[in-house]
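Comments concern the structure below.
Values reported hereafter were calculated over all heavy atoms of this structure, with side chains retained and with hydrogens, waters and symmetry mates removed. As the structure is a prediction and not an experimental result, all values here were calculated from the model.
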Amino acid sequence: WSDAEGKPWKRSLVDNQFEILFVSQFTLYARMKGTKPDYSHAMAPNDAQTLYNQFLALARNKYDASKIFDGQFGA
């Protein structure tokens with residue numbers, strides 16, 4: 001996002017009043033166990049959903065709530 005002088009990244013998404021799309025991806029945390037991913041250290045799904053919802057609420061509180069959207073990975 002260029003500024004008036006054409007310099008990139010001088011303005012934030014807040015400066016530009018852009019919309020934000022957050023997409024949850026609960027299976028992102030994994031480590032390799034041999035040749036297979038191991039998700040045993042990942043947060044439990046219900047806990048992860050609660051944390052994600054708290055994050056969305058915080059974002060909506062700190063920014064224009066009408067510009068915050070959420071999606072679902074793989075939907």
Can you name the nearest heavy-atom pair linking [X] to [Y], along with the distance?
X	Y	result
F22	Y52	O-OH, 3.0 Å
Y39	A30	CE2-CB, 3.2 Å
H41	Y29	CB-CE2, 3.4 Å

Point to revise | By ring pair (Phe, Tyr, Trp, His ring centres under 6.0 Å) - contacts of F69 (at least two apart) | key: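 In terms of ring pair (Phe, Tyr, Trp, His ring centres under 6.0 Å), with neighbours along the sequence ignored, F69 is linked to no residue.
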Check your understanding: With sequence neighbours excluded, what pairs up with Y63 under the ring pair (Phe, Tyr, Trp, His ring centres under 6.0 Å) test?
Key ->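 Per chain and number, Y63 pairs via ring pair (Phe, Tyr, Trp, His ring centres under 6.0 Å) with no residue.
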Review point. What residues form a side-chain hydrogen bond (donor to acceptor under 3.5 Å, both in side chains) with D15, not counting sequence neighbours?
Key: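 D15: side-chain hydrogen bond (donor to acceptor under 3.5 Å, both in side chains) contacts with S12.
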Point to revise | With sequence neighbours excluded, residues passing side-chain hydrogen bond (donor to acceptor under 3.5 Å, both in side chains) with N16 | key: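 With neighbours one apart ignored, the set is R11.
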Point to revise | Interatomic distance, N61 atom CG to L56 atom CG [nearest 0.5 angstrom] | key: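 CG of L56 is found 12.5 Å from CG of N61.
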Check your understanding: So if you build clusters from Ile, Leu, Val, Met, Phe, Trp, Tyr with side-chain heavy-atom gaps below 4.5 Å, do W9 and I20 land together?
Key ->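 Per the 4.5 Å side-chain linkage, W9 and I20 are co-clustered.
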Review point. Do F55 and I68 belong to the same hydrophobic cluster, where Ile, Leu, Val, Met, Phe, Trp and Tyr are linked whenever their side-chain heavy atoms lie under 4.5 Å apart, directly or via other members?
Key: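 Yes.
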**Study point:** Residue pairs, two or more places apart or on separate chains, that pass salt bridge (Lys or Arg N to Asp or Glu O under 4.0 Å) and touch residues 48-63
**Key:**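 Residue pairs with at least one partner in residues 48-63: R60-D70.
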Check your understanding: Who pairs with D38 by salt bridge (Lys or Arg N to Asp or Glu O under 4.0 Å), at least two apart in sequence or on another chain?
Key ->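 Testing D38 for salt bridge (Lys or Arg N to Asp or Glu O under 4.0 Å), a comparison that skips the adjacent residues, returns R31.
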